[in-house]
Amino acid sequence: MVLCALRQPLLRSSSCCGTWTRLLKRQTRGCVYSSVHGFNQEEVREKLQAFPGGSIDLLKQDSGIAVLTLNNPSRMNAFSGSMMVDLEERVSELENWTDGKGLIIQGVAETFCSGSDLNAVRAISNPQDGMKMCMFMQNTLTRLLRLPLISVALVEGRALGGGAELTTACDFRLMAPGSVIQFVHKHMGLVPGWGGAARLVRIVGSQNALKLLGGAVKVDSKLGLDIGLADGVLQARQEAEGTDSPLQLADNWLSRYTKGPAPVIQAVKKVVLSGRELPLSEALRTEKDVFGTVWGGPANLQALASKSKHK
Ligand SMILES: CCCC(=O)SCCNC(=O)CCNC(=O)[C@H](O)C(C)(C)COP(=O)(O)OP(=O)(O)OC[C@H]1O[C@@H](n2cnc3c(N)ncnc32)[C@H](O)[C@@H]1OP(=O)(O)O
């Protein structure tokens, strides 16, 4: 098991153990697929760039919360090939953001994402190209989920197909009133291929995942909360002036968890991530290593000096 998002801070830590060093050696940048699996990242990037349209925009805020925006409104924010490449580049940027603590993913025009761009899907409907796109997106979404940032998908409107899969690559999902997450793959003669099924099982359990995929169920905010796919529902927006936008509401919601120094918040994400992904013994050893990066650190020393009480 390889956790690439843990790499950089731990390389700076003096408490790196042998296990960790071995994990680092096994690590490849793409995390899941590399040349060992016949995957050539550059070749796939070039192929995907042949299907342009839209963009993925990144705004890094001083608060330590970044906003990643899917921007392809004429196609309900469907993923063109160039947007897949854009997403990979934005994830690289976020991997190197030392001051980052949180991430919100949203779509423009009050909708989240309608999956892959069907024009591109039609053009690369042969199995070889489909596999390549699938490996590229699995690598990117795995790296996205493993960022040392606490992430939330802000779902307005629809999250369909690959859009639903993208929501599962975030730590949390917030749903706006009237929004729907739907794994429509079955209706397209498909199953998820961007890692959405594997992540969905971990989020809602295998029984619920089977129902959602097998029935292509429309998950509204109520059902989402009931089965644990949604972590919160945004209040209906009043037209009155001064009402917070969904993005502001999501930012407020997330800032509860990102309050504090970046190294501490990143450490929180890393220990949860290792607990989620690694076998227990490895997770415990990773937790020890991450603990070593904050023990005696500036935030820890300051808290000790101020004799803080937790009332
Ligand atoms: C491993 C990945 C698997 C996948 O993601 S497969 C793709 C799954 N997604 C889909 O099948 C979505 C298909 N689209 C729809 O169901 C509907 O367009 C949708 C999203 C419910 C919206 O319906 P409406 O509100 O009636 O709007 P509409 O149909 O007129 O759409 C507005 C314009 O957006 C376009 N659009 C929507 N989803 C798209 C997509 N995925 N790829 C390419 N174009 C897409 C749609 O063609 C329309 O364009 P135009 O105005 O006709 O030029």
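Order of appearance sets the numbers: ligands from 1, and atoms from 1 within every ligand. FYI, side chains are in, hydrogens and waters are out, and symmetry mates aren't considered; it's all heavy atoms of this structure. Throughout, numbering of the chain's residues begins at 1 and tracks the sequence.
In this structure, R143 and S92 have side chains that are in contact, with non-hydrogen atoms separated by less than 4.5 Å.
For the residue pair T69 and Q106, a side-chain donor N or O sits within less than 3.5 Å of a side-chain acceptor on the partner. For the residue pair R285 / S274, no side-chain donor-acceptor distance below 3.5 Å is found, with atom types taken as modelled.
In this structure, CG on L166 lies 6.5 Å from CG on L144, to the nearest 0.5 angstrom. To the nearest 0.5 angstrom, K270 atom NZ is 5.5 Å from T293 atom OG1.
With respect to the salt-bridge test (charged N to carboxylate O, under 4.0 angstrom), the residues E277 and R202 do not qualify.
Residues with a heavy atom under 4.0 Å from ligand 1: S74, R75, M76, A78, S114, G115, S116, D117, L118, R158, L160, G161, G162, E165, V184, H185, M188, W194.
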